[in-house]
Amino acid sequence: PHAGPVESKNEAAMSELVPEPRQKPVVPMKPMGINTSLLGYIGIDTIIEQMRKKTMKTGFDFNIMVVGQSGLGKSTLVNTLFKSQVSRKSSGWNREEKIPKTVEIKAIGHVIEEGGVKMKLTVIDTPGFGDQINNENCWEPIEKYINEQYEKFLKEEVNIARKKRIPDTRVHCCLYFISPTGHSLRPLDLEFMKHLSKVVNIIPVIAKADTMTLEEKTEFKQRVRKELEVNGIEFYPQKEFDEDLEDKTENDKIRQESMPFAVVGSDKEYQVNGKRVLGRKTPWGIIEVENLNHCEFALLRDFVIRTHLQDLKEVTHNIHYETYRAKRLNDNGGLPPMTVETEENHESNL
Amino acid sequence: QGEGCRTVPLSGHVGFDSLPDQLVNKSVNHGFCFNILCVGETGLGKSTLMDTLFNTKFEGDTASHSQPGVQLKSSTYDLQESNVNLKLTIVSTVGFGDQINKEDSYKPIVEFIDAQFEAYLQEELKIKRVLHNYHDTRIHACLYFIAPTGHSLKSLDLVTMKKLDSKVNIIPIIAKSDAISKSELTKFKIKITSELVSNGVQIYQFPTDDESVAEINGTMNAHLPFAVIGSTEELKIGNKMMKARQYPWGTVQVENEAHCDFVKLREMLIRVNMEDLREQTHTRHYELYRRCKLEEMGFKDTDPDSKPFSLQETYEAKRNEFLGELQKKEEAMRQMFVQRVKEKEAELKEAEKELHEKFDRLKKLHQDEKKKLEDKKKSLDDEVNAFKQRKTAAELLQSQAQQAGGSQTLKRDKERK
């Protein structure tokens, strides 16, 4: 029960500035905790609004890495995911450009805004991965890059005078593109995922899924899932990080049925049934990218962006980064060679 | 944000505008914590105000006021409203201002606040740490209760607030303000504010950088310090039940803004700035503590040549230093040991020497004795021999004499015959 007119006047004034998210209850709250019973509305739940406003002001960082052989449609997919030209497409390359001799890491950042929410999106491309004749250890530059970002963050974190907000360049999500052979995973795929699933969140994705029929797709997905399991590869969302039963049931469904997502990407629009849709036009029909009957792009998008984006960042920060940090701080004595290189690079870049 | 990055337009709805919701949902699942410290003299109504603010009767026996020195009493409560779980910790001073000599009264408070920072720092420095599940005990807001004298701040107040202003967000409030009349109150507030300013005390300013709250926060900043009244008793006023205090001359309504600033305090503390208080504690006060503590421990960000140290190097240096000290200690111990052994050896040698000497002495003595005895024996033997000789001679003489006598006897016998 509230106090009288004075209170409601104040609340009316407040509601112009701080929109109350939910109805104030008329009955007293249920008593909780140590011998306390609340006899009226206090306003503790406004902290949600306060927090929301603060986060909107500071904005978000998101760093996504795409790995896969050239020609699997990585850049197109990222552009489709974020509905903007955030990734340079290989078809835009001058075809005389040679395929890089080693794996290169290219990180490009853009700022995108939607609904008042500002996001600094960094797409990390890995041209040259799996394109050589001898691809031994081609994941090493990638692993090195990921660890370098953790190192950068750690260095900032241990400073005496630290920045208010440490710039986050750590890779939050790595989309691994599987070639739609229809048979099984390639040894390179297994090797990469085995090594990298320990340091970063890997989301395996079946690229160019419009080359498979529905049955082929289902079979292929099952086989891939089985192979991943047999090889002990924990892709995101990892079973061990499910926080509660709700998470577990939701994630189990994704892990066992939907993943790996079989996707098709496109940045061209066509007219279908009177609507403009993103799609690929073929002589036998138009593949609608966002149509769940055609491919699982929408599932991937919802999964990565609309429901699990914050979780991807948190797992990266609370688990992968902490593992790196603990290992780093435990190493006493000799500096690992990677660090020395980083420091040298750092100095030379100053 | 966006340094060197260009903004790219979106050609459709992507869906990341749900990000704040995702973040908030995670925080809600996790729960929030808020820690308030109430500093004030005995009897200023700290516990009552807390009860009034949070609309509940917090359990807790009234503190015994017979302890010497200032103590801090802390209690944690779980509150829930809608789907928000709040772990509220209320820390109160007990016996503040009761002493005759109040020079050290502020110390337990400063130590307590530092201890919470220290605990957080320790966790942050651990190798295996669980920061996201850590129960944050750092004080987010300090309500400083000013006695309603109507004149000015007490020197204890000034000293204490000066010591606390760089460690915690201070919100000064005038307690039991139903003891002051309206006109006196205005003068009192002005006096307090000017005293705080002239003494350089930094109290918490409600943030005015966000347009949506800038206006209200700005207005509220001008009303500081809030004059509050606390009461958990509900009285019927008109046809509603309200928190109030009844006097013979009238009834003071707690939530009536014309009577006191309680509503303002609640708005500012809980409904508008709770998150900002938490953030300021973490990014300003805690960082300052951390910086000072690490510098104290000898860590630096740059060495004398202004090249950035890496933590690795600092650790290495410290470790080597430590190992060096350890080695020195070991050496010292070893030296001492060697010394002791030498000493003992010398002692033993001394003892041995003594024993030898003793032995020699005894031996000599023994030999002397032996010689003496032998000499004696010899002389005795000589005597014996001499005696024997005399005896033999005497016997011989006797036998001769006997023979002669015997032969005489024989002669006599013959003659007779």
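Labels below follow one simple rule: chain letters A, B, ... track the order of the sequence lines, proteins then strands, and each chain is numbered from 1.
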Interchain contact, [X] with chain A, by part (heavy-atom threshold 4.5 Å):
X        : value
B/Thr7   : both
B/Arg290 : side chain
B/Leu288 : neither
B/Val8   : both
B/Asp21  : both

>> Side chains of B/Thr281 and B/Asn169 only: does a donor on one sit below 3.5 Å from an acceptor on the other?
In response: yes

> Can A/Tyr270 and A/Glu288 be counted as having a side-chain donor-acceptor contact under 3.5 angstrom?
Replying inline: no

Greatest number of heavy atom pairs closer than 4.5 Å to chain A - which of [options]:
options                               : result
B/Glu124, B/Arg129, B/Lys26, B/Lys128 : B/Arg129
B/Lys87, B/Lys126, B/Met274           : B/Met274
B/Val130, B/Leu86, B/Leu88, B/Asn29   : B/Leu86
B/Leu23, B/Val24, B/Thr283            : B/Leu23
B/Glu279, B/His13, B/Lys293           : B/His13

Could you tell me which of [options] has the largest number of non-hydrogen atom pairs under 4.5 Å with chain B?
options                                : result
A/His317, A/Glu113, A/Met56            : A/Glu113
A/Glu269, A/Glu157, A/Gln310           : A/Gln310
A/Leu154, A/Asp302, A/Leu121, A/Leu309 : A/Leu309
A/Lys83, A/Arg301, A/Lys327            : A/Lys83

> Which atoms form the tightest heavy-atom contact between B/Phe32 and A/Ile47, and what is the distance?
Replying inline: CD2-CD1, 3.7 Å

Hey, are the side chains of [X] and [Y] touching, using non-hydrogen atoms and a 4.5 Å cut-off?
X        : Y        : answer
A/Leu312 : A/Cys173 : yes
A/Glu290 : A/Val277 : no
B/Leu121 : B/Tyr289 : yes
A/Lys118 : A/Phe60  : no

> How many angstroms lie between atom CG of B/Leu10 and atom NE2 of A/His110, to the nearest 0.5 angstrom?
Replying inline: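 These two atoms lie 11.5 Å from each other.
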
>> Using heavy-atom distances under 4.5 Å, tell me whether A/Thr323 contacts chain B through its side chain, its backbone, both, or neither.
In response: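 Interface part for A/Thr323: neither.
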
>> What part of A/Met51 gets within 4.5 angstrom of chain B, counting heavy atoms only: side chain, backbone, both, or neither?
In response: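 Both backbone and side chain.
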
> Sub-3.5 Å donor-acceptor pair from the side chain of B/Gln22 to the main-chain atoms of A/Ile305, do we have one?
Replying inline: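 Checked: pair present.
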
> When you measure from the side chain of A/Glu114 to the backbone N and O of B/Val14, does any donor-acceptor pair fall under 3.5 Å?
Replying inline: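 Such a contact is found between A/Glu114 side chain and B/Val14 backbone.
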
